[in-house]
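From a predicted model like this one, the values you see are computed outputs, not experimental measurements. Chain letters run A, B, ... following the sequence lines, proteins first, then strands; residues in each count from 1.
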2 protein chains.
Amino acid sequence: MELNTEEFITEKVNEIVTAVGNGIAINALSGGVDSSVVTMLGHRALGKKLRTVFIQNGLMREGEPEMVKSVFHKLDIAIEIIDAQKEFLAALKGVTDPEKKREAITQIFYKKVFGRIVRESEAKFLLQGTILTDVDETVAGIKRQHNVFAQLGIDPQEAFGYQIIEPLIQLRKDGVRVVGKALGLPEEVFTRIPFPGPALAARIIGEVTEERLQTVRKATAVTERMLSGKGAFQYMAILHEDRVTGMREDRRDFGQQIEIRCWDSVDARTATPTKLPFGVLQKLAVNIIQEVPGIVSVTYNITTKPPSTIEAV
Amino acid sequence: MELNTEEFITEKVNEIVTAVGNGIAINALSGGVDSSVVTMLGHRALGKKLRTVFIQNGLMREGEPEMVKSVFHKLDIAIEIIDAQKEFLAALKGVTDPEKKREAITQIFYKKVFGRIVRESEAKFLLQGTILTDVDETVAGIKRQHNVFAQLGIDPQEAFGYQIIEPLIQLRKDGVRVVGKALGLPEEVFTRIPFPGPALAARIIGEVTEERLQTVRKATAVTERMLSGKGAFQYMAILHEDRVTGMREDRRDFGQQIEIRCWDSVDARTATPTKLPFGVLQKLAVNIIQEVPGIVSVTYNITTKPPSTIEAV
C-alpha cells in the first residue's frame with residue numbers, strides 16, 4: 001500500500017484533534033525520528049495544548065538535550081527539559097538481564113518520572129511514537145519494546161491514568177521519515193538513524209553504571225561521527241562485559257571490548273551488515289581505542305537479521 | 001640475522017645429543033608447529049631414546065589425536081596417546097580469570113599429568129618447543145606462556161625433577177617453519193597456523209566446560225575450514241560469555257556470540273586483521289550459525305596488535 005503523505009497527515013491531525021478535544025496532551029520527545037515526528041504532528045493538531053518534554057535520563061547520546069532544544073526552537077516548538085538522571089541510574093543498579101533492564105526503564109519512565117509529569121500536568125492524553133516494527137517485535141516475543149502496551153494486555157488508562165494516542169502505529173521507519181520530511185522537520189532529524197527506547201542502556205551488555213555509560217557514549221560518538229553519511233540504515237557501538245587481553249605500552253592491559261554494528265535495511269524487519277571498506281573499519285577501531293579509555297579491542301558484527309536482532313540487548 | 005637452516009639443525013642436534021648423553025628424554029607433542037619441529041629435531045638427535053607423548057587434554061581441536069598419530073606414523077615416529085581429559089576439565093572447573101586458567105593448565109600439565117609420565121619414564125630431560133615470542137610476551141607481562149619457566153624464576157629441575165631443553169628458543173614462528181620444512185615435516189604441519197598452549201581453553205571467555213568446549217570446537221572447525229588457504233598467519237573462533245539477543249523461527253533466542261580473529265603477521269609480534277572479502281565474512285557467519293548450536297551472532301575483530309593481542313584469553 002502506497003503512503004499518501006498529505007492524506008495521512010490530515011487524517012492523523014484530525015484524529016488527534018477529535019480525541020483530545022479541549023483537553024491537554026503531553027508527549028515525551030527523545031530526539032529520535034519517531035518522537036520528533038509525533039511532536040510535529042501533535043503541535044500541528046493541538047498547538048500550545050500539547051506540552052512536549054525531553055526527559056534527561058542519563059542514557060542519552062553526547063550533546064543530545066542541547067541538539068533537541070535547538071532544533072525545535074527553530075521550529076517554534078518549546079521543549080521542557082526534565083532532569084531524571086539519578087532516578088534512572090538508581091532503577092538500573094544491579095540489573096543485568098536485558099529484558100529486566102528494558103522493563104526497569106519502562107517502569108521508571110511511565111510509572112515514576114513521566115507518570116509524575118503527566119499527573120502534575122493534568123494531561124489526559126499521551127502522544128507516543130510507537131511504530132509497527134515495535135508492535136511486531138513485542139508480539140513475536142523477540143524484544144519487549146518500551147512503548148507497546150495494548151499488545152501486552154496493559155491498559156494505560158488503568159495503569160497510568162491517561163490515554164495513549166499512537167499516530168504512527170501503521171508506519172514503519174521509512175514511512176515515518178517521509179511524513180517527517182513533509183511536516184517540515186530538518187533533514188538531520190528525519191534522516192536520523194534509529195535509536196532504541198532504552199537508549200544507551202540497550203548498548204551495554206551487563207550492568208548500566210555511570211562509568212560504563214560514559215564509555216559507551218564516547219564510543220557511540222566516534223562511531224556516529226565516522227559512519228554517518230555512508231548510507232547505512234543504522235550503526236552503533238556496544239560495550240561488552242567480557243574482558244579480553246590487550247597491551248598498552250608493551251604491558252598487559254586486560255581491557256574492554258566494543259562491538260560495532262552497522263546495518264543495511266529498509267524497515268528493520270530484516271537487515272544485513274553494511275559492506276564497509278576495510279580501511280574504514282580499521283580507522284574506526286584505531287579511533288575508538290585512542291579516544292575511549294579502557295577499550296583494547298573492537299569487533300564488527302557480520303551476522304544478518306535474522307538470526308541476529310538489530311540491537312544486542 | 002639470516003637463519004642458516006642446515007647449520008642451525010646440526011648445531012641443535014649436537015646440543016641435544018651432548019645434553020642428554022646416555023639418558024632418556026621425553027617430549028609432549030601437541031600437533032602444533034613448534035612441538036612438531038621439536039619432535040623431529042629430537043628424534044634426529046636421539047632416535048628411540050626420545051619418547052614422544054600426545055596428551056589428550058580434552059582441549060584439542062576436532063580429530064587432533066588421529067591427525068597427529070597418522071602424520072608421525074608416516075615419518076616412522078611412534079606417538080603415545082595419553083588420555084587426561086578428566087584431569088584437565090576438573091582443574092579448569094570454576095576458573096574464569098584468563099591468567100588463572102593458563103596457570104591451572106600449566107600446573108595440571110607439568111606437575112600432574114606430564115610430570116607423572118616423566119617420573120614413570122625416568123626421563124631426566126624434557127624437550128620443549130618454547131619460541132622467542134613466548135619468552136617476550138611472558139617477560140613483558142602480556143601473557144604468561146605455559147612453557148616459559150626460567151624467565152619467571154622457576155627452576156624446572158627443582159620444581160619438576162627434570163631439565164628442560166628448548167632448541168627453538170632463538171626462533172620466531174617464521175624461522176620454526178623453515179626448520180620444520182628442512183627436517184621433512186609435511187607441508188600441512190610446517191605451514192600450520194599457530195595454536196596456543198592452553199588450546200581451546202584460550203578460546204573461551206569465562207569458564208571452560210565440556211559443553212562450551214564442544215561449542216568452540218565446532219566453531220573452530222568451521223573457521224579453519226573456511227579460512228585456510230587464504231594466506232592468513234592465524235585465524236580463530238572465540239566463544240564469548242556475554243549473551244546477545246537473537247531470533248530463531250521468529251522467536252527470541254537469547255544466545256551466544258562467536259568472535260572471529262584472522263591475522264596477517266610475520267612473527268606474531270605485531271599483527272593486523274586480514275582484509276577478508278566481505279562475502280567470506282558473511283558466509284562464515286552463516287555457516288557458524290547453522291552448524292554450531294546456541295550461536296546467534298558472529299563478529300570479526302578489526303583491531304591491530306598492539307593494542308590487541310593475538311589471542312583473547
Side-chain angles (χ1 to χ4, degrees), chain A residues 97-99 136-137 140-144 205-206 238 240-255 257-261 272-279 281-286 288-290 295-313, chain B residues 97-99 136-137 140-144 205-206 238 240-255 257-261 272-279 281-286 288-290 295-313:
Chain A
D97 177 85
E99 289 304 296
D136 284 349
E137 293 201 334
I142 295 159
K143 199 170 281 182
R144 179 174 176 152
I205 295 180
I238 297 157
H240 277 243
E241 196 168 20
D242 286 341
R243 296 264 167 168
V244 294
T245 309
M247 52 209 281
R248 278 192 205 245
E249 288 155 19
D250 284 339
R251 299 291 304 174
R252 187 164 72 103
D253 181 9
F254 200 46
Q257 192 176 61
I258 286 284
E259 173 190 341
I260 303 295
R261 297 184 179 193
T272 51
T274 306
K275 292 188 173 79
L276 292 171
F278 214 86
L281 290 175
Q282 283 186 300
K283 193 83 202 303
L284 190 55
V286 166
I288 287 173
I289 284 159
Q290 278 175 355
I295 303 299
V296 297
S297 179
V298 181
T299 64
Y300 186 60
N301 197 299
I302 54 175
T303 325
T304 54
K305 171 182 179 181
S308 182
T309 48
I310 299 272
E311 303 280 347
V313 171
Chain B
D97 178 85
E99 288 306 294
D136 285 349
E137 293 202 334
I142 293 158
K143 199 172 282 183
R144 179 175 175 150
I205 295 180
I238 297 157
H240 278 243
E241 196 169 19
D242 286 342
R243 297 264 166 169
V244 293
T245 308
M247 51 208 282
R248 277 193 206 245
E249 290 157 16
D250 284 341
R251 300 290 305 176
R252 186 164 74 102
D253 181 8
F254 200 45
Q257 192 176 61
I258 287 284
E259 173 189 340
I260 303 296
R261 297 184 178 192
T272 51
T274 306
K275 291 187 172 80
L276 293 171
F278 214 86
L281 290 174
Q282 282 186 301
K283 192 83 204 303
L284 190 55
V286 166
I288 287 174
I289 283 160
Q290 277 174 355
I295 303 300
V296 298
S297 180
V298 181
T299 64
Y300 186 61
N301 198 299
I302 53 174
T303 324
T304 54
K305 172 184 179 179
S308 183
T309 48
I310 300 272
E311 302 280 347
V313 171

> Taking A:S308 for the side chain and B:G246 for the main chain, is one N or O donor matched with an acceptor at less than 3.5 Å?
Replying inline: no
>> Could you go through A:E311 and B:T245, starting from their C-alpha distance and side-chain angles, then the distance that decides it, and tell me whether this counts as side chain to side chain contact (heavy atoms under 4.5 Å, CB included)?
In response: CA-CA 7 Å; A:E311 303 280 347; B:T245 308; over 6 Å; no
> Tell me, side chain or backbone of B:L281 under 4.5 Å from chain A's heavy atoms, or both, or neither?
Replying inline: both
>> Does any backbone or side-chain atom of A:I302 lie under 4.5 Å from a heavy atom of chain B? Answer side chain, backbone, both or neither.
In response: both
> So, B:T303 side chain and A:V298 main chain: donor-acceptor pair closer than 3.5 Å or not?
Replying inline: yes
> In Å, rounded to the nearest 0.5 Å, how long is the span from OG1 of B:T274 to CZ of A:F278?
Replying inline: 7.0 Å
> Does the B:T299 side chain pair with the main chain of A:Y300, one donor and one acceptor, at a distance under 3.5 Å?
Replying inline: no
> Between A:P98, A:P306, A:G206, which has the largest tally of heavy atom pairs under 4.5 Å with chain B?
Replying inline: A:P98
> OG1/B:T304 to CD/A:Q282 distance, rounded to the nearest 0.5 angstrom?
Replying inline: 7.5 Å
> Does any heavy atom of chain A fall under 4.5 Å from the side chain of B:E259, the backbone, both, or neither of them?
Replying inline: side chain
>> Taking side chain as everything from C-beta outward and backbone as N, CA, C, O, which of these in B:R243 sits under 4.5 Å from a heavy atom of chain A? Side chain, backbone, both or neither.
In response: backbone
>> Rounded to the nearest 0.5 Å, what separates atom CD1 in B:I205 from atom CD in A:Q257?
In response: 6.5 Å
> Between B:D242 and A:E241, what is the shortest heavy-atom contact and its length?
Replying inline: OD2-N, 2.8 Å
>> With a 4.5 angstrom heavy-atom cut-off, is it the side chain or the backbone of B:L276 that approaches chain A, or both, or neither?
In response: backbone
